[in-house]
**Q** 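Sharing a structure, written as structure tokens. Questions coming.
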Amino acid sequence: MSKVSIIIPTYNEESCIEEVLERVERLNPSPFEVLLVDGGSTDCTREKTEGFNLKFLQSPQLGRAAQMHFGALEASGNTLCFLHADTFPPTNLVEIVSQTLAKEDVVLAGFRSVMRGVRNQRFTTFHNRIKTYYAPFIYNPYRTTFKGLRLLFGDQLIFCKKEDYQRSGGFNCEMQIMEEADLCIKMNRLGRIEQINHKVYSSDRRVAKWGAFKANFIFIMIATLWALGVPNKKLARFYTHIS
């Protein structure tokens with residue numbers, strides 16, 4: 001069984017972090033360690049984590065990419081799971097991760113993300129699944145068709161071996177958006193990326209706020225502009241402006 005290090009980046013996540021950590025504590029078998037990497041929260045995020053079996057780390061840089069990279073370097077396990085603070089893993093996470101990465105050609109994998117919350121999010125859930133395939137095809141049809149390129153995103157709970165993460169160069173700490181897609185491109189040079197047939201459940205808080213049409217339009221626009229080479233800082237400003 002792999003020694004799984006779960007890395008959770010946080011910034012002002014007091015509303016949901018307890019529920020996620022409670023779910024993590026119910027994992028069977030248990031992960032090797034849980035690293036919560038905070039970006040300088042100004043709410044009660046840290047206080048909400050007290051009493052849980054985890055290592056609380058203060059990231060030197062705010063930003064999901066920078067925080068996850070910092071956690072990856074600090075991790076002691078041989079396998080890394082990057083879990084967003086509003087995503088809920090299956091109880092047998094460690095077993096699924098170990099079995100998936102036992103495949104010689106798979107270097108990075110992620111789950112099927114199901115959006116849940118106060119509204120029906122079937123369309124967004126469906127879109128989350130298919131964008132794993134159409135987004136890389138827009139970016140590089142050849143690698144998508146013949147080299148197993150897939151683009152996985154944070155709400156899919158992505159995981160890999162630490163040695164492969166380090167070989168790839170890991171997350172680009174300067175990226176403010178599409179950091180997981182960038183990692184997928186790097187990892188695909190080492191092997192195949194897989195979306196596995198297991199589910200994780202993510203909060204629909206942002207989709208519910210925007211509305212399904214606007215949210216999915218934003219997701220499509222961001223992925224398309226990224227694939228066309230729009231600089232990351234401009235993408236981040238575009239994302240902030242329309243949200």
**Q** Any side-chain donor paired with an acceptor under 3.5 Å for Y11 and Q67?
**A**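 Absent: no donor and acceptor within the cut-off.
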**Q** Out of curiosity, T45 OG1 to E14 CD, how far, rounded to the nearest 0.5 Å?
**A**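 T45 atom OG1 to E14 atom CD measures 6.0 Å (nearest 0.5 Å).
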**Q** Between T10 and D38, is any side-chain donor less than 3.5 angstrom from a side-chain acceptor?
**A**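 Short answer, yes.
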**Q** Would you say that K48 contacts E13 through its side chain, given a criterion of any heavy-atom pair below 4.5 Å between the two side chains?
**A**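 A side-chain contact is absent here, since even the closest heavy-atom pair is not under 4.5 Å.
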**Q** Just verifying a value: how many Å separate H198 NE2 and R112 CZ, rounded to the nearest 0.5 Å?
**A**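 Taking NE2 in H198 and CZ in R112, the distance rounds to 10.0 Å.
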**Q** Would K131 and F153 count as a cation-pi pair here, with the cationic atom under 6.0 angstrom from the ring centre and within 45° of the axis?
**A**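 Yes.
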**Q** For residues 180-189, which residue pairs qualify under salt bridge (charged side-chain N to carboxylate O under 4.0 Å, His left out), counting only residues two or more places apart or in two chains?
**A**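 Applying salt bridge (charged side-chain N to carboxylate O under 4.0 Å, His left out) to every pair that reaches into residues 180-189, excluding sequence neighbours, yields D182-K186.
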**Q** Would a distance-only check, ignoring hydrogens and angles, find a side-chain to backbone donor-acceptor pair under 3.5 Å from S59 to G39?
**A**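 A pair under 3.5 Å: no.
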**Q** Would you call the rings of Y165 and H69 parallel, tilted or perpendicular, where under 30° means parallel and over 60° means perpendicular?
**A**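 Tilted: the ring planes of Y165 and H69 meet at 30° to 60°.
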**Q** Is there side-chain contact between P89 and L83, with at least one heavy-atom pair below 4.5 Å?
**A**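 With C-beta onward as the side chain, the pair touches.
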**Q** Would E194 and R192 pass as an ion pair if we require N to O under 4.0 Å?
**A**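 Salt bridge: yes.
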**Q** Would you indicate whether the side-chain heavy atoms of N12 and T42 approach each other to under 4.5 Å?
**A**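 Side chain of T42 against side chain of N12, heavy atoms only: contact under 4.5 Å found.
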**Q** Using the test salt bridge (Lys or Arg N to Asp or Glu O under 4.0 Å), find all partners of R167 that sit at least two apart in sequence or belong to another chain.
**A**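 For R167, the residues satisfying salt bridge (Lys or Arg N to Asp or Glu O under 4.0 Å) (neighbours in sequence not counted) are D164.
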**Q** Indicate whether any N or O donor in one side chain lies under 3.5 Å from an N or O acceptor in the other, for Q156 and T132.
**A**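 The criterion, which ignores hydrogens and geometry beyond distance, is satisfied for T132 and Q156.
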**Q** Can the positive tip of R46 be found less than 6.0 Å from the middle of the six-membered ring of F56, inside 45° of the ring normal?
**A**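 Satisfied, under 6.0 Å and within 45°.
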